[in-house]
Structure formats: structure tokens, C-alpha cells
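Input: a single structure, listed below in C-alpha cells.
These numbers were taken from a predicted model, which means no experiment stands behind them. In what follows, chains carry the letters A, B, and so on, assigned in the order in which the sequence lines appear, proteins first and then strands, with residues in each chain numbered from 1.
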There are 2 protein chains.
Amino acid sequence: MTKLQDVAEIAGVSTATVSRTMNNPELVDPATRSKVEKVIHSVGYTRNETARSLALSSTRTIGILADTFSSPYFTTILDETIKFLQRHNYFAIVEITGNLPGQIDEHKQQLAWQSLISRRVDAIIILSVIAETALLDSLIKEFPASVVMSQAFDKNNLPCITFDDRASGRIAAQYLLEKGHTQIAMLTGPERKVDSSERTLGFIEELAKHGIELPTLNLCSGNYTILGGQKAMQTLLDSSAKFTAVFAQNDHMALGAITTCHKAGVEIPNDLSFVGHDDSEFARVSLPNLTSIRQPLKNMSQAAATFAMNLSKKNLNEALLPEPQIHFQPELVERDSVKELC
Amino acid sequence: MTKLQDVAEIAGVSTATVSRTMNNPELVDPATRSKVEKVIHSVGYTRNETARSLALSSTRTIGILADTFSSPYFTTILDETIKFLQRHNYFAIVEITGNLPGQIDEHKQQLAWQSLISRRVDAIIILSVIAETALLDSLIKEFPASVVMSQAFDKNNLPCITFDDRASGRIAAQYLLEKGHTQIAMLTGPERKVDSSERTLGFIEELAKHGIELPTLNLCSGNYTILGGQKAMQTLLDSSAKFTAVFAQNDHMALGAITTCHKAGVEIPNDLSFVGHDDSEFARVSLPNLTSIRQPLKNMSQAAATFAMNLSKKNLNEALLPEPQIHFQPELVERDSVKELC
DNA sequence: TGTTCCAATGTAAGCGCTTACATTAGCCGT
DNA sequence: ACGGCTAATGTAAGCGCTTACATTGGAACA
């Protein structure tokens, strides 16, 4: 593999000059510059980013910590974040913990974290939900150039892109109430996930505001997965719970639940109404099309990426950093899965 | 950030000894070893992988070239590949070209490629479909430690994990014929994608074997996307084409097409039968559940990862390398979307 | 007691870049 | 003609590791 020195020798200049024509072209004479560039192309030189990182003590790389690729939620964020970073000449390396939605293995998270640190990323974006605030705290203390995404983390004033999950719950409740539903069931996510518990909270709050109570019987966890949604729905149907509508805390569970209903002869939305969450691609192809609550993932991703890049330029004036806490709001996307009760 | 030298000084040994306790513990006295390890933990030292890579001229990193994260096909492969690599103490960095299924921007592919090279990955797994064999050829010539995944590349004897797309086409045709269908439509993928054209070929071949011809009118491209599937189905329905069954070359298009049918009052499978491809998670939640053709993605991913790791250990005897070409076969997964015609 | 040998450790070069500092050469004004 | 200035280039140290080679101090043996 050709190195900078080879280029220098062929072009008859010093390594410094070659380096400069790549990084600070304005410092080198146009004639030598074009001579060097010609050599670079002709020998097909590609700079060794490893060596460069070492010399610069900066990798121009943002680490991303996620649980898995097999969730449209993560992949959308990853796609947007990485595209955005690329556009700004940053690298991204993503480390996955391999945790499934329901289970949270702190050890795996630690390992993934270590791996990012050992590669000396300039900043880290944390997507993976870290349940124990204490752990999150200690991780961030160890590596302060971190931005936490979509996990409420208010206490400390740390960089943090959040989504108002509680508002999601409220909006779902409001909407169903408007449509005349008062008996409602809810498919929740994994218990330890803050986003799920927040949605639950907002939902219950809003119902309570209207004097309606949600029986525990009407609550069932589906672990954010399709299969979980199917099982949870079955449990709900088998129970004595009474409901005319279901709020599924993500679209996956809604999809699963809908198939269960279909098999059980329950017609959507005539017999039962559905509201999902995330407005995933599949909300548009379910039968009927699923009314869902949208997270502005693209904007959130870009905000996180921007933040991470700023964080990596430590020399930058602290004042230039955006507000450490950026909040995003949910938005209802109305489709055909909710029936208006008279 | 603490460095190896700091650890050495605190422990009162040389840097070599510290390095050895991490990489060749058997070379150092148990007493000093434990002393050093204690220091490492107490100061929270994390080795600088950048410097290590430079010293070793090896990054223990496999590069993966993919088009996007937002496709279950890619994400499944990525998930499996990366988990497997992690388990073997390899890093993975994935570079995405940002190409949508239909469009292939060779420039973006080149850039992504360069980026991997510049980070001196030890091997590259190519998922992204590179249409121009010439380009693929030249890339691999430039960096021979590459393994191509699921793209037929027979001519040269290059490392290559392939899936028998033509067999997929044949199986779909056979199955539909068995069920009594003779008038069939097909939703194809992007034109330039080899996997799509192979499926098409296999399908037509098999029909021809039974003396059945597929009218051009019954063919429509849906670009492998949900939306494309919807549109293509609409086109098909609006045309004068006659068919009792549809082979959608991936599940996404099938899902889209099914919603279009639903809106048009066409009932599945009573009025129209469907066979999809990929056996994605969603095949199990569509209504009706989608009969689909499975690719053994997990096995394929692991094969690719194994290959890449071997390729990276160049010192290894060439003889130890597995057969350069590993082929995988499709498998039909029967569900409820095909009706038997009497 | 004097060799020999080996296990444990240290020394220092080198991986391929960047960049502060040194050097050179051409230009200006006096 | 000469000192001073500037633009262009070169020199070499250093980024944080690994490892070939050198060194040391016993243990083993005659």
C-alpha cells in the first residue's frame, strides 16, 4: 500500500509538502501542488486514516451505540444520522449491544461502550436505552462528549435529544376520547424502558383528567415486538377486559395485534379501533391503514449528529454549543384504524 | 486520557511489560502481571486502538459496504454479520452508499469504498449491489481481500457468497403451477439488479418448461419498495392483463400490492393469490399471512464474516481458505396467501 | 566456583501521518 | 549593496502503541 512518503519521493518533494497539498493546499505553490496531485492520482494513493488519527489525536469519528439493527426505529435514526455525518466529512461507527427490546444487559452495553472509547471516537451518540441512570451517569462522566437520544435525562444538564413520550400518551388518549371511546386497552413496551413508561403515564393522566380510569386488566406488555403484540392481544381477548379501542405503544405491536384480531374474527376498525406509535413505513400498509403517532426521527437524528460534531470540536467556544436539551413533539397521523363511536 | 506509558510508570515497569500483560500474558511473571492489571483497572486505562492498529498494520476491522439501513434485507445481514464478528473480537465498520433500491450511483459507491480503504480495514464485505461488473472488478483488483455477497460473480473465481435467485424464480413458478395457476403476474425489482433479473429468468424458464408464456403485460417493476409495489399493482389492475396469482420478488412489494388490492376490492387469496420473497418478519403479519421464499440470511452472513476474517489473516495458509464460492438455496415457506384452483 | 541457559524485563525503533520550527530564496526599500 | 520580510519548502519530533533485540539475574550443573 503506497504511503505518503512514496508519493513525496516520486514527486520529488518532502512529506510535509504532500501532506500540505492534501490538508492546506493554500500553503503550497500551485505548480508543486498540481505536480503532487498528479502523482497522488497516478499511484492511487489513499491516505491512512489510522495514522492520521494518531497524529491528530482526533478520529473525526462519531460513535453510535444502538441495541440492534432489526428495528425500524433504530435503523431510521441510524440512516439519517450517518448520512448527515457523512455529508459533513465525519465517519460514523456503530456498535450494537445485541440487546433485544425487552432485555437489557448492562454488561453488553459496557463492552460496546469500551469498544467505542478504545477507538477514540470524538463523540458518542447513545441510542441504546440504558435503564440504570447510575450507569448512564458513570459512562458519561467517563466520556463527557456524549449525547443521549430519546431518553429523558433531565436531572443533570447533559446534552440530550428527547422526544416527549408523555405527550404521545396524552395525544393518543385525547384522540380516542374525541372519537367517543371510553373503554380502552393499552399494549405497552418493555417495563424498564423509560419511553414506554412515559407513554403509559401520559395516557393514564389524560384519561384521568376526563374522569376515566384505566383498569390494570386492560394493560398488557408486548415488548415492542410483533410477536409480543400478537401474544398480548390474545391475552387481552381471552381476559374479561372490556374495550372498544387499543393504544399500541408502537406500530410493530399494533401489527401483531391486528393479525391476532383478524384470526379471532374481530374486525378493525368496526369491532375494535387501533392507534399505533412511530408512524413506521408499515402503518401505511397494514389493513386497515394504521392511525399512528409520529416521531420526527429525521430532525432528531440531525440534531443529535450536529450536537455530537460540535462536542467533538472541543476547541470551539463552549458558547457555540446549542442548548443542551432539545425536545421534540409528537404528531398524530390519522388513518383508517379508528372508528368514531356515536 | 491515560496511556500505556502512564500505566507503566505507576506500576513501575516498562511499557513493553504492560503491553505484554495485555497481549501475551504468558510472557510475564504472574506477580508483575497482577500488579499491572491492578493499575490498569484502577486508572481505567483503555487501550488506544488507533495507535495499536498503526503499530500492528492491522485494524482487526472488517468493512461492510451496504446501500442503506432501511431495508430488512440489509439490516438482517448487518445484524448477523456484526454480531458474529464481535464474537470473534473483530470490529466492523459499515459504510452506506445511500443508494435507494432503484438507483445506483457509482460515485457514491466509490466514495464509500475509498472511505473503507482509507481506514485500512482488513477485509471488505460487499453487500451493495454494484451493477457494472467492470467497476466491481476494478475495486476488487484494488483491494483483493473482498468478499461479494449475494451477487453472482462467477466468471472470475473470486470470494463470493451467493444465493440462487434463479432457483427462487423456479420455485415460485412451480408452486403456483402446482396450485393450478397458469395466468400469473410478476412484480419485479429494479432493472439493473442482478438478483431481480435472475428471479425473473428462473420464473419464466420454469413456466416455459410447462409450455406457459408470461405476457410482457403481466410484468411490472416495483423497485423493491412498498410504494413501488402499490403503484405496480395498480398498473396491473388497470391494464388488461389477466392473472389469478402474483409473484412479488420481495415481501415489501407484496405488502404494498396487497393493500392496493384491498382498496380495489380484490380479495386475497380468493380473488388473487400471492407469493412473496425473503420471508421477512412482515410476511407473518400481513393479512392474509404471506407465502414467501426464504433466504438463509443468517447462514449467509456468517459465511461471509468467516470468509472475511480468514482473508484478513493473510499469513494464513491459502489452503485454509474455504471454497471461494459458497452457494445457498431458497426455501419455500407456505402460508395463507395462495388459493388452490380446482 | 565458574559456565551455561533461560525466564523476565527493559530499550528503542518503527508504524504513517501532521506540524512547529528551521531554512532558503526572492523581493522590497533605502 | 544590504538587512528585513515573506512565501515556499524542508527537517524532524511526536502521536501511543508493538516487538526485535539487548540485558539482567538466578537456577542448574559440572
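With respect to A/Phe69, the ring pair (Phe, Tyr, Trp, His ring centres under 6.0 Å) criterion is satisfied by exactly one of B/Phe69, B/Phe74, B/Tyr73: B/Phe69.
Taking the side chain as every heavy atom from C-beta outward, A/Thr76 and A/Lys298 never approach each other to under 4.5 Å. The shortest side-chain heavy-atom distance between B/Leu65 and B/Val94 does not fall under the 4.5 Å cut-off. With a 4.5 Å cut-off on side-chain heavy atoms, B/Ile64 and B/Glu95 do not count as touching.
The nucleotide whose nearest atom lies closest to any side-chain atom of A/Ala16 is, among C/dA8, D/dT9, C/dT19, C/dT19. With distances taken from any side-chain atom of B/Val13 to the nucleotides C/dG10, C/dC17, D/dC17, the minimum falls on C/dG10. In this structure, of C/dT9, D/dC17, D/dT19, it is C/dT9 that holds the atom nearest to the side chain of B/Val28. Nearest nucleotide to the side chain of A/Lys3, out of D/dC17, C/dT11, C/dC17: C/dC17.
In this structure, the CZ atom of A/Arg52 is 17 Å from the C1' atom of C/dC15, given to the nearest Å. The interatomic distance linking A/Glu49 (CD) with C/dT18 (P) rounds to 9 Å, in whole Å. Remark: C1' of D/dA20 and CG of B/Asn24 are 13 Å apart, rounded to the nearest angstrom. Between B/Leu54 atom CG and D/dT19 atom P there is a gap of 12 Å when expressed in whole angstrom units. Atom P of nucleotide D/dC15 and atom CZ of A/Arg119 are separated by 22 Å, given to the nearest angstrom. Atom CG of B/Asn48 is separated from atom P of D/dC15 by 12 Å (rounded to the nearest Å). Distance CG (A/Leu4) to C1' (C/dC15): 14 Å, rounded to an integer number of Å. Note: CG (A/Asn23) to P (C/dG16) measures 18 Å, nearest angstrom.
Taking only side-chain nitrogens and oxygens, A/Ser19 comes nearer than 4.0 Å to OP1 or OP2 of C/dT18. One finds a side-chain N or O of A/Thr17 lying less than 4.0 angstrom from the OP1 or OP2 phosphate oxygen of D/dG10. Using a 4.0 Å cut-off, some side-chain N or O of B/Tyr45 falls inside it from OP1 or OP2 of D/dC17.
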A/Gln114 and B/Thr46: CA distance, side-chain angles, deciding distance, side-chain hydrogen bond (donor to acceptor under 3.5 Å, both in side chains) verdict: CA-CA 7 Å; A/Gln114 281 309 321; B/Thr46 308; 3.2 Å; yes
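Residue side chain A/Arg20 reaches the base of D/dG10 through a donor-acceptor N/O pair under 3.5 Å, judged by distance alone.
Ranked by how close their nearest DNA chain D nucleotide is to the 5' end, A/Thr15 and A/Arg33 are led by A/Arg33. Heavy-atom nearest nucleotides on DNA chain C were determined for A/Val18 and for B/Ala51, and the one closer to the 5' end corresponds to B/Ala51.
Among the heavy atoms of the strands lying under 4.0 Å from B/Thr32 are primed sugar atoms or P, OP1, OP2 only; no base atom is included.
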